[in-house]
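Index from 1, following the sequence.
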Amino acid sequence: MKIIDAIENFINSFKEKPTRLHVEINDPVGTVVAKVFFCEDLNRSMYETDDFPGLCPYCHNTIEKVPNLEFRTRTRKDIVCTDDGFYIVSERFKFFCEEQGFNDLTFIPLKKSPGHYYFEPQTTFPVDEENTIFEHSGEPCSHCGKYRWFGGPHTIYSKYELTEDDNFIQRSKEFSGDKCRKFFLIIIGLKTEKLMKEYGIVADSTINIEYLG
């Protein structure tokens with residue numbers, strides 16, 4: 001066989017069997033029952049330094065999200081996340097949630113940004129912790145118990161079976177990311193995803209949440 005033919009066969013082998021690493025992340029093992037909703041980054045931090053309220057005084061890890069209500073933004077997006085892990089939503093996003101009757105969501109007005117709110121769901125999504133493998137780095141802080149870096153797996157499993165008619169916006173129990181820039185995951189029902197799209201609120205990307213049964 002000529003060298004040129006060997007090279008062509010090598011190249012064609014990749015065309016016949018494309019790499020599926022990215023696709024396999026969302027290939028369901030169980031039944032897809034919800035979605036992790038990722039929004040666009042604002043590419044700005046809510047605070048000018050890495051020393052702000054809501055952090056562990058010993059390791060500067062995120063304990064809770066305490067928004068800077070003096071923060072200014074003119075974004076036209078319905079939902080964005082700052083570099084330090086705060087979600088900001090529009091008046092339209094708030095109206096959508098009110099129309100759906102969601103009563104477990106927090107909207108705090110940003111004083112210097114009319115029509116914009118800090119957003120946080122109050123209900124945590126019930127994760128099947130036995131089958132969902134989270135990643136972390138370093139040792140936990142002796143005071144707050146948090147790891148410096150904590151991340152979600154490629155697939156999150158639900159503790160309970162849900163249906164296509166479940167309509168909700170919830171959050172992850174744990175914060176993901178690095179130290180003071182951690183954020184909670186926004187988790188929505190399958191019906192919620194459909195209704196959001198009809199309303200014109202579209203995720204930047206999503207990850208499946210599955211139920212193993």
Side-chain angles (χ1 to χ4, degrees), residues 22-42 62 64-65 67 73 75-108 115-129 131-134 150-177 181-213:
H22 177 71
V23 178
E24 286 174 355
I25 289 174
N26 267 328
D27 281 353
V29 175
T31 303
V32 178
V33 295
K35 296 289 185 76
V36 179
F37 181 102
F38 290 104
C39 61
E40 291 188 34
D41 294 328
L42 186 61
T62 303
E64 61 177 331
K65 304 305 291 187
T73 179
T75 179
R76 295 184 179 181
K77 304 293 184 181
D78 286 309
I79 177 169
V80 293
C81 188
T82 66
D83 289 346
D84 43 4
F86 293 87
Y87 289 98
I88 297 174
V89 299
S90 66
E91 194 83 62
R92 199 167 81 99
F93 185 95
K94 184 172 180 287
F95 285 158
F96 168 80
C97 294
E98 291 172 347
E99 288 180 4
Q100 300 307 314
F102 299 147
N103 55 13
D104 57 348
L105 307 177
T106 294
F107 295 91
I108 302 178
H116 294 87
Y117 302 81
Y118 166 70
F119 171 69
E120 181 174 339
Q122 294 303 311
T123 302
T124 56
F125 185 84
V127 171
D128 178 357
E129 296 184 3
N131 291 298
T132 303
I133 302 174
F134 293 95
F150 188 89
H154 294 317
T155 303
I156 298 175
Y157 296 102
S158 172
K159 188 174 182 179
Y160 304 111
E161 186 175 11
L162 303 171
T163 71
E164 293 183 357
D165 293 325
D166 283 297
N167 187 18
F168 61 85
I169 300 178
Q170 298 177 1
R171 52 160 289 183
S172 59
K173 177 182 176 181
E174 299 291 342
F175 293 102
S176 295
R181 296 184 175 273
K182 287 182 177 175
F183 57 94
F184 54 78
L185 300 178
I186 294 177
I187 300 171
I188 63 176
L190 297 181
K191 182 176 181 179
T192 315
E193 181 184 35
K194 179 181 178 181
L195 293 172
M196 278 183 161
K197 287 180 179 178
E198 292 174 353
Y199 207 83
I201 300 173
V202 182
D204 191 45
S205 62
T206 61
I207 292 178
N208 292 339
I209 294 181
E210 302 171 16
Y211 176 69
L212 293 175

A.B. asks: List for me each residue that meets side chain to side chain donor-acceptor pair (under 3.5 Å) alongside D41, sequence neighbours excluded, and say none if there are none.
C.D. replies: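 Side chain to side chain donor-acceptor pair (under 3.5 Å) check on D41 returns nothing, list empty.
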A.B. asks: Please assess F93 against F119 for the test ring pair (Phe, Tyr, Trp, His ring centres under 6.0 Å), listing each intermediate value before the final yes or no.
C.D. replies: CA-CA 10 Å; F93 185 95; F119 171 69; 5.1 Å; yes
A.B. asks: How are the rings of F107 and Y117 set relative to one another: parallel (under 30°), tilted (30 to 60°) or perpendicular (over 60°)?
C.D. replies: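 Taking Y117 first and then F107, their aromatic rings stand perpendicular (interplane angle over 60°).
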A.B. asks: Are F134 and F150 an aromatic pair by the rule of ring centers under 6.0 Å?
C.D. replies: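 F134 vs F150: aromatic centres under 6.0 Å.
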A.B. asks: State the CG-OG1 distance between L42 and T73, to the nearest 0.5 angstrom.
C.D. replies: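 With rounding to 0.5 Å, CG (L42) is 4.5 Å from OG1 (T73).
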A.B. asks: If a pair satisfies ring-ring contact (aromatic ring centres under 6.0 Å, His included) and one of its residues is in residues 184-203, list it, with sequence neighbours excluded.
C.D. replies: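 Those involving residues 184-203 are Y87-F184, F96-Y199.
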A.B. asks: Does the side chain to side chain donor-acceptor pair (under 3.5 Å) test come out yes or no for S158 and E210, once each step is laid out?
C.D. replies: CA-CA 6 Å; S158 172; E210 302 171 16; over 6 Å; no
A.B. asks: Enumerate the salt bridge (Lys or Arg N to Asp or Glu O under 4.0 Å) contacts for residues 83-95, please, sequence neighbours excluded, ordered by first and then second residue.
C.D. replies: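 For residues 83-95: D78-R92, K94-E98.
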A.B. asks: To the nearest 0.5 Å, tell me how far I186 CD1 sits from S172 OG.
C.D. replies: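 Going from the CD1 atom of I186 to the OG atom of S172 covers 9.5 Å.
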A.B. asks: Is K65 reaching over with its side chain to a backbone N or O of K182, donor-acceptor style, under 3.5 angstrom?
C.D. replies: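 Confirmed, K65 side chain pairs with K182 backbone.
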A.B. asks: Rounded to the nearest 0.5 Å, what's the gap from NZ on K159 to CG on L212? Could you check?
C.D. replies: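 Those atoms lie 14.0 Å apart.
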A.B. asks: Under the rule for ring pair (Phe, Tyr, Trp, His ring centres under 6.0 Å), what residues qualify as partners of Y211, not counting sequence neighbours?
C.D. replies: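 With sequence neighbours excluded, Y211 shows a ring pair (Phe, Tyr, Trp, His ring centres under 6.0 Å) to no residue whatsoever.
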A.B. asks: Which distance, rounded to the nearest 0.5 Å, do you find between the OG1 of T123 and the CG of N103?
C.D. replies: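 T123 atom OG1 to N103 atom CG measures 8.0 Å (nearest 0.5 Å).
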A.B. asks: Using the side-chain contact (heavy atoms from CB on, under 4.5 Å) rule, pick out the option among T206, L195, I169, V36 that qualifies with I188.
C.D. replies: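 Of T206, L195, I169, V36, side-chain contact (heavy atoms from CB on, under 4.5 Å) with I188 is met by I169 alone.
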A.B. asks: What pairs meet the salt bridge (Lys or Arg N to Asp or Glu O under 4.0 Å) rule with one or both residues in residues 160-173, with sequence neighbours excluded?
C.D. replies: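 Salt bridge (Lys or Arg N to Asp or Glu O under 4.0 Å) check on residues 160-173 returns E120-R171.
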A.B. asks: Of all residues at least two apart in sequence or in a different chain, which pass the side chain to side chain donor-acceptor pair (under 3.5 Å) check with T192?
C.D. replies: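 Once residues adjacent in sequence are excluded, the partners of T192 under the side chain to side chain donor-acceptor pair (under 3.5 Å) criterion are N167.
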A.B. asks: Short question: side chain of S176, backbone of G151 - any donor-acceptor pair under 3.5 Å?
C.D. replies: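 No.
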A.B. asks: Can you name the closest pair of heavy atoms from L162 and A34 and give their distance?
C.D. replies: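 Between these two residues, the closest heavy atoms are CD1-CB, 4.4 Å.
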A.B. asks: To the closest 0.5 Å, what do you measure between CZ (F125) and CG (L185)?
C.D. replies: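 Interatomic distance, F125 CZ to L185 CG, rounded to 0.5 Å: 11.0 Å.
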